[in-house]
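When a ligand or atom number is given, it counts from 1 through the structure's own listing order.
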Amino acid sequence: MGQAIQLIGKKVTKSIEAEVGKSILDLAIKHDVDWGFSCTRGTCARCRCSIETGTEFLEPPTDAERNRLDDEEIEEGYRLGCQAIIREVGAITAKNKTYF
Ligand code: FES
């Protein structure tokens, strides 16, 4: 039993196994969680999510996230799911929160 990642989509919530090197969005797609996305390159922000626990298990924000998100959003724990890569196995809770 590994440390689970909880993905909270718009209607679907799933607890899944962490996979180092995958993004939050990769895992949401793989496990059929209804997560917003379009570009997968860090520009559309449809995959925006708040990391409610376990930020320390993710790689730090990428340049794309720093360009697309406000500093305050990053401080509040918002990430772009397509850019937020699992760094280490651990309990993470991520909730998809698009702007619209
Ligand atoms: S899918 Fe477009 S920013 Fe992540």
Visitor: In terms of hydrophobic clusters joined by side-chain contacts under 4.5 Å, are L27 and I51 together?
Guide: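 Yes, because L27 and I51 connect within a single hydrophobic cluster, where side-chain heavy atoms sit under 4.5 Å apart.
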
Visitor: Output a table of donor-acceptor pairs, distance under 3.5 Å, between side-chain atoms of residues 87-95 and any protein atom two or more places apart or on a different chain; print 'none' if there are none.
Guide:
{"unit_1": "R87", "atom_1": "NH2", "unit_2": "E56", "atom_2": "O", "d": "2.4"}
{"unit_1": "T93", "atom_1": "OG1", "unit_2": "T53", "atom_2": "OG1", "d": "2.9"}

Visitor: Under the salt bridge (charged side-chain N to carboxylate O under 4.0 Å, His left out) test, which residues partner R46, sequence neighbours left out?
Guide: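 Residues passing salt bridge (charged side-chain N to carboxylate O under 4.0 Å, His left out) with R46: none at all.
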
Visitor: Might you work through the side-chain contact (heavy atoms from CB on, under 4.5 Å) test for W35 and I24, ending with a clear yes or no?
Guide: CA-CA 10 Å; W35 207 270; I24 295 282; 3.7 Å; yes

Visitor: Can you list every protein residue that has a heavy atom under 4.0 Å from any atom of ligand 1, sorted by chain and residue number?
Guide: F37, S38, C39, T40, G42, T43, C44, A45, C47, C82

Visitor: According to a hydrophobic-cluster definition based on side-chain heavy atoms being under 4.5 Å apart (Ile, Leu, Val, Met, Phe, Trp, Tyr only), do I8 and I29 belong together?
Guide: no

Visitor: Taking only residues two or more places apart in sequence or in another chain, which ones pass salt bridge (charged side-chain N to carboxylate O under 4.0 Å, His left out) with E19?
Guide: K30

